[in-house]
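Keep in mind the model is a prediction, meaning the values are calculated, not measured.
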Amino acid sequence: MTRSNQKALFLRLLFCIFCVGLTLYLSINKQNELTELRLQIPQLSKEVKAIQEENIRLQYEVDRFESPIHLMELARKPEFSHLKHPFLKDIIIIQELTSIPPTD
């Protein structure tokens, strides 16, 4: 083999080693990212479960507050004695528009 062929072979070999090394580095880096995300899943699922339980608790409180029995108890309290049921003639019903017609 001539010296120029040896240089070309050496450069090709060096280029192949570099490509294999880069591919190996990138795949290990991707595996590390995936592993990091997998480690975060249990903590995030705990947070989601805690939020769902808090939502259930708050919904229970809202339902309890809005119950007719509780509202009647509130109506009997002196601080709400000024509130009265409206007459039917005083009630105005506004229908919600589904779309706004274009103006010309």
Side-chain angles (χ1 to χ4, degrees):
M1 287 181 121
T2 63
R3 191 151 172 87
S4 63
N5 284 344
Q6 287 178 345
K7 274 187 172 181
L9 181 63
F10 179 73
L11 288 176
R12 286 182 187 168
L13 185 62
L14 191 61
F15 180 73
C16 288
I17 291 173
F18 174 76
C19 288
V20 168
L22 181 64
T23 304
L24 184 63
Y25 171 78
L26 291 176
S27 66
I28 289 173
N29 193 28
K30 185 56 85 173
Q31 285 292 333
N32 287 342
E33 289 175 8
L34 289 174
T35 302
E36 188 176 320
L37 291 174
R38 285 184 185 138
L39 290 174
Q40 290 176 358
I41 289 174
Q43 175 157 355
L44 292 175
S45 67
K46 285 180 186 177
E47 289 177 16
V48 167
K49 187 174 181 179
I51 290 171
Q52 288 173 340
E53 288 175 359
E54 182 69 11
N55 283 343
I56 291 170
R57 186 187 68 77
L58 291 173
Q59 186 60 47
Y60 172 75
E61 285 186 26
V62 167
D63 291 342
R64 199 178 81 204
F65 183 80
E66 291 179 346
S67 72
I69 295 170
H70 184 258
L71 293 176
M72 293 304 292
E73 289 173 0
L74 287 177
R76 288 189 207 109
K77 291 189 176 186
E79 59 263 22
F80 299 110
S81 64
H82 66 283
L83 298 175
K84 303 292 180 204
H85 290 286
F87 295 112
L88 286 177
K89 65 178 182 167
D90 295 333
I91 297 175
I92 299 173
I93 299 174
I94 300 174
Q95 293 181 353
E96 184 178 329
L97 294 176
T98 56
S99 64
I100 299 173
T103 57
D104 292 327

Only distances under 3.5 Å count here; give the side-chain donor-acceptor pairs of residues 32-50 to other protein atoms, sequence neighbours excluded, each with its distance to 0.1 Å.
from : atom 1 : to  : atom 2 : distance (Å)
T35  : OG1    : Q31 : O      : 2.8
S45  : OG     : I41 : O      : 3.4
S45  : OG     : P42 : O      : 2.8

- request: Could you walk me through whether L22 and L26 pass side chain to side chain contact (heavy atoms under 4.5 Å, CB included), step by step?
  value: CA-CA 6 Å; L22 181 64; L26 291 176; 4.1 Å; yes
- request: Would you please name every residue forming a side chain to side chain contact (heavy atoms under 4.5 Å, CB included) with F10, sequence neighbours left out?
  value: L14
query: Linking I/L/V/M/F/W/Y whenever their side-chain heavy atoms sit closer than 4.5 Å, directly or via other members, would I91 and I94 fall into one cluster?
result: no
query: Looking only at side chains, do D63 and Q59 share a donor and an acceptor under 3.5 Å apart?
result: yes
message: Give me the atom names and distance for the closest heavy-atom approach of F80 to L74.
response: CD1-O, 3.2 Å
task: Would you check if L24 and I28 make a side-chain contact, meaning some heavy-atom pair closer than 4.5 Å?
output: yes
message: Quick check: closest heavy atoms across R64 and H70, and the distance to 0.1 Å?
response: O-CB, 3.6 Å
Chi angles and distances behind the salt bridge (Lys or Arg N to Asp or Glu O under 4.0 Å) call for E61, R57: CA-CA 6 Å; E61 285 186 26; R57 186 187 68 77; 2.3 Å; yes
field: Residue I69 excluded, over 12 heavy atoms near CD1 under 6.0 Å
entry: no
query: Side chains of L9 and N5: does their closest heavy-atom pair fall under 4.5 Å?
result: no
